[in-house]
Amino acid sequence: MTGQDPAGERLQKVLAGRGWGSRRVCEQLVADGRVAVNGVVAALGQRVDVERDLVTVDGRPVGVRPGLVYYLLNKPAGVVSTARDTHGRPTVVDLVPSSPRVFPVGRLDVDTEGLLLLTNDGELANRLTHPSHGVEKEYLAELDGPLTAGDLRRLRQGIALDDGLTAPAAASQPTPGVLRLTIHEGRNRQVRRMCEAVGRPVRRLVRVRIGPLRDAQLGPGQWRELTVEERIALQSS
Ligand code: URA
């Protein structure tokens, strides 16, 4: 991170410019330890890169990057992950506030449930979905029968799909017929195709983690904003 970047702007100037009061008042906010940069209490005179650093006052993000929002949604089955559906089905953007307009980061199949990030931060979205980045995604899959030790080994080592070999993955079977699979690729219907390849089609698929983001309390169709800590963890994941 770039909190001490000599090319950045002085923190109190950034705060003052975003309406937190006079330069003097903003200096006092910093001196009182109420300002943090990327989760670390800031020092007077510290410089920040307004494009990258997350500045908070009393834990609340200040508008260094104004208007950016980050929602974590528990997508129910039957809802599509595109912004608009040609068949008129409900979409994930119908489940979150309509303003500012956000878009899903990556996709879940219409029948897949679980965590999906929606944001209007195009830079973060590009980074997270870029194939070279490969943020981890963890899934729980209910299968039509138990996996053998050999099946699990194949899932871990890589499966030959029609679009190439899958990268090494973490795979375990917490109970017979349930697969916990962590992958960092984002190919179309990847988990379903991997399971089909070992002869155990998926009956139900739920994404339970995206990089540092988990939330077992979020019910189907519910969403919440990311916490400051989650935003920081995601920016650096
Ligand atoms: N893999 C799938 O098969 N489907 C999803 O929705 C996500 C990952």
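Counting convention: from 1, in listed order, for ligands and their atoms alike. Because the structure is a prediction, the values reported are computed rather than measured.
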Exercise for the section: Sequence neighbours left out, what passes salt bridge (Lys or Arg N to Asp or Glu O under 4.0 Å) with Arg187? Give chain and number order. Expected result: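 With sequence neighbours excluded, Arg187 shows a salt bridge (Lys or Arg N to Asp or Glu O under 4.0 Å) to Asp163, Glu185, given in chain and number order.
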Exercise for the section: Inspect the surroundings of CZ in Arg107 and state if more than 12 heavy atoms from other residues, nucleotides or ligands are less than 6.0 Å away. Expected result: no
Practice task
Please check if atom CZ in Arg101 has more than 12 non-hydrogen atoms from other residues, nucleotides or ligands closer than 6.0 Å.
Solution key: no
Practice task
Taking only heavy atoms of the protein into account, state which residues are under 4.0 angstrom from an atom of ligand 1, in chain and number order.
Solution key: Leu108, Asp109, Thr112, Tyr139, Arg189, Gln190, Val191, Arg192, Leu205
Practice task
Could you tell me whether Arg189 and Glu196 have a side-chain N and a carboxylate O separated by less than 4.0 Å?
Solution key: no
Handout entry: Salt-bridge contact Arg224-Asp215 (side-chain N to carboxylate O under 4.0 Å)
Key =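 Yes, charged N to carboxylate O under 4.0 Å.
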Handout entry: Exercise: do Thr112 and Arg192 side chains pair donor with acceptor under 3.5 Å
Key =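 Side chains of Thr112 and Arg192: pair found under 3.5 Å.
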